[in-house]
Amino acid sequence: MALVNVDKLYLAVIDKDEVGVGNLAYQTPEYIPGVQQFQAKLKTDTGTLYEEGILTDQDSIISEINISLDLGHLVNSQYAKYLGHHVDANGGVYATDGDKAPYVAILYEYTKSGSGTKGFKVYYKGQLVEPDDAVKQKEGKVDYQNHTVEATFQPLKNNGLWKYTIEEDDPGCPEDIKNTFFNNVIIPNSDTAIPAIT
């Protein structure tokens with residue numbers, strides 16, 4: 001089904017991502033106002049095996065997930081937090097050559113066409129890339145100039161997860177998903193009891 005809107009976006013800093021039980025920890029997701037567009041492109045590397053001139057096997061791995069999001073509003077404190085910069089006593093942001101963006105998860109809500117059903121998605125681990133600074137004059141008309149933020153994502157070390165999606169019309173979707181989805185970063189468990197759609 002077609003999607004008609006991206007509704008909300010949150011970021012959650014990763015405190016820990018290592019192999020082993022109890023070695024994955026996120027901070028509480030933070031609302032980032034003004035999302036206007038979200039796009040994720042998966043980049044894979046595929047290896048092929050030919051025997052006697054015939055393709056007999058192939059395998060693919062995820063090399064990276066490239067994400068782009070347009071934000072109408074990103075306050076200085078959030079800009080500093082998610083790009084690894086610093087806030088001074090006046091609330092201004094300064095950047096140094098040793099700054100490094102933290103790993104974060106992206107969580108967002110979208111609307112499906114027709115029914116208006118909501119969907120929710122998590123991308124589990126990546127770093128935001130410093131956006132370009134660009135501004136121009138009005139030139140006799142209003143031309144809104146937004147923050148376009150790029151990010152490179154990857155699977156988690158802890159469990160290999162890289163994406164999670166749940167929609168209100170999925171079997172077993174919690175009725176209160178709209179109120180609870182952004183409370184924390186969901187780590188799903190397999191459930192073979194959910195019936196397949198036929």
Side-chain angles (χ1 to χ4, degrees), residues 1 3 6-32 35 37-50 55-69 71 78 81-84 99-110 112 117-130 149-174 176-197:
M1 184 176 289
L3 308 182
V6 56
D7 304 317
K8 296 177 185 176
L9 184 136
Y10 284 64
L11 295 176
V13 172
I14 299 175
D15 285 332
K16 192 175 188 180
D17 174 30
E18 298 295 339
V19 175
V21 177
N23 284 333
L24 179 63
Y26 288 91
Q27 295 180 15
T28 301
E30 180 181 13
Y31 174 56
I32 308 296
V35 64
Q37 180 174 308
F38 180 94
Q39 184 177 46
K41 293 184 178 180
L42 182 65
K43 183 178 179 182
T44 60
D45 289 325
T46 301
T48 56
L49 175 66
Y50 285 82
L55 178 63
T56 58
D57 200 3
Q58 63 187 47
D59 197 9
S60 297
I61 61 169
I62 297 170
S63 57
E64 60 186 47
I65 304 109
N66 296 313
I67 289 177
S68 174
L69 47 120
L71 300 171
Q78 291 174 328
K81 178 178 179 179
Y82 297 110
L83 273 300
D99 292 349
K100 183 178 179 183
Y103 283 110
V104 298
I106 293 177
L107 304 83
Y108 71 94
E109 174 186 322
Y110 58 88
K112 297 165 69 175
T117 299
K118 300 295 184 181
F120 304 86
K121 202 172 290 271
V122 181
Y123 283 84
Y124 282 101
K125 182 179 182 179
Q127 288 179 310
L128 305 186
V129 177
E130 188 77 29
V149 180
E150 307 286 337
T152 302
F153 271 60
Q154 64 192 62
L156 287 167
K157 288 181 184 178
N158 180 266
N159 52 27
L161 281 171
W162 63 274
K163 181 173 73 169
Y164 176 69
T165 305
I166 188 166
E167 297 179 336
E168 289 180 315
D169 52 4
D170 286 336
C173 179
D176 62 347
I177 190 71
K178 282 193 287 191
N179 300 321
T180 61
F181 181 78
F182 296 109
N183 290 348
N184 51 58
V185 177
I186 293 174
I187 304 298
N189 296 310
S190 62
D191 186 354
T192 55
I194 294 177
I197 296 174

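Everything numeric here is computed off the predicted structure, so don't read it as measured data.
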Requested in this report: May I ask you to test the Tyr124-Phe153 pair for a side-chain heavy-atom distance under 4.5 Å?
Outcome: no
Query raised in the report: Should the ring pair Phe38 and Tyr123 be called parallel, tilted or perpendicular, given that the plane angle runs from 0 to 90° and is split at 30 and 60?
Result: tilted
Query raised in the report: CG of Leu9 to OH of Tyr31: how many Å apart, nearest 0.5 Å?
Result: 9.0 Å
**Report entry** Least distance between heavy atoms, Lys118 atom then Asp7 atom
**Finding:** NZ-OD2, 3.2 Å
Query - Distance, nearest 0.5 Å, that separates CG of Leu107 from NZ of Lys8 - result: 12.0 Å
**Report entry** Contact summary for Glu168 and Ile177, nearest pair of heavy atoms
**Finding:** CG-CG2, 3.9 Å
Query raised in the report: Side chains of Asp15 and Gln27: closer than 4.5 Å at any heavy-atom pair?
Result: yes
Query raised in the report: After noting the C-alpha distance and the side-chain angles of Tyr110 and Glu167, does the key distance pass the side chain to side chain donor-acceptor pair (under 3.5 Å) rule?
Result: CA-CA 9 Å; Tyr110 58 88; Glu167 297 179 336; 2.5 Å; yes
Query raised in the report: Are side-chain heavy atoms of Gln154 and Glu64 found at a separation under 4.5 Å?
Result: no
Query - Under 3.5 Å: donor-acceptor pair, side chain of Glu30, backbone of Val13 - result: no
Requested in this report: Evaluate the criterion side chain to side chain contact (heavy atoms under 4.5 Å, CB included) for residue pair Tyr10 and Glu109; output intermediate values, then yes/no.
Outcome: CA-CA 9 Å; Tyr10 284 64; Glu109 174 186 322; over 6 Å; no
**Report entry** Check against side chain to side chain donor-acceptor pair (under 3.5 Å), Lys41 and Asn66
**Finding:** CA-CA 5 Å; Lys41 293 184 178 180; Asn66 296 313; over 6 Å; no
Report task. Rounded to the nearest 0.5 Å, what's the gap from CD1 on Ile67 to CD on Glu150? Could you check? Result -> 10.0 Å
Report task. Please round to the nearest 0.5 Å and tell me the distance separating atom NZ of Lys43 and atom OG1 of Thr152. Result -> 9.5 Å
**Report entry** Close side-chain approach of Ile186 to Asn184, heavy-atom, < 4.5 Å
**Finding:** yes
Query raised in the report: If you count the non-hydrogen atoms of other residues, nucleotides and ligands that lie under 6.0 Å from NZ in Lys121, is the total more than 12?
Result: yes
**Report entry** Inter-residue atom distance Leu83.CG - Gln127.CD, 0.5 Å rounding
**Finding:** 10.0 Å
Query raised in the report: By ring pair (Phe, Tyr, Trp, His ring centres under 6.0 Å), which residues pair with Tyr26, not counting sequence neighbours?
Result: none
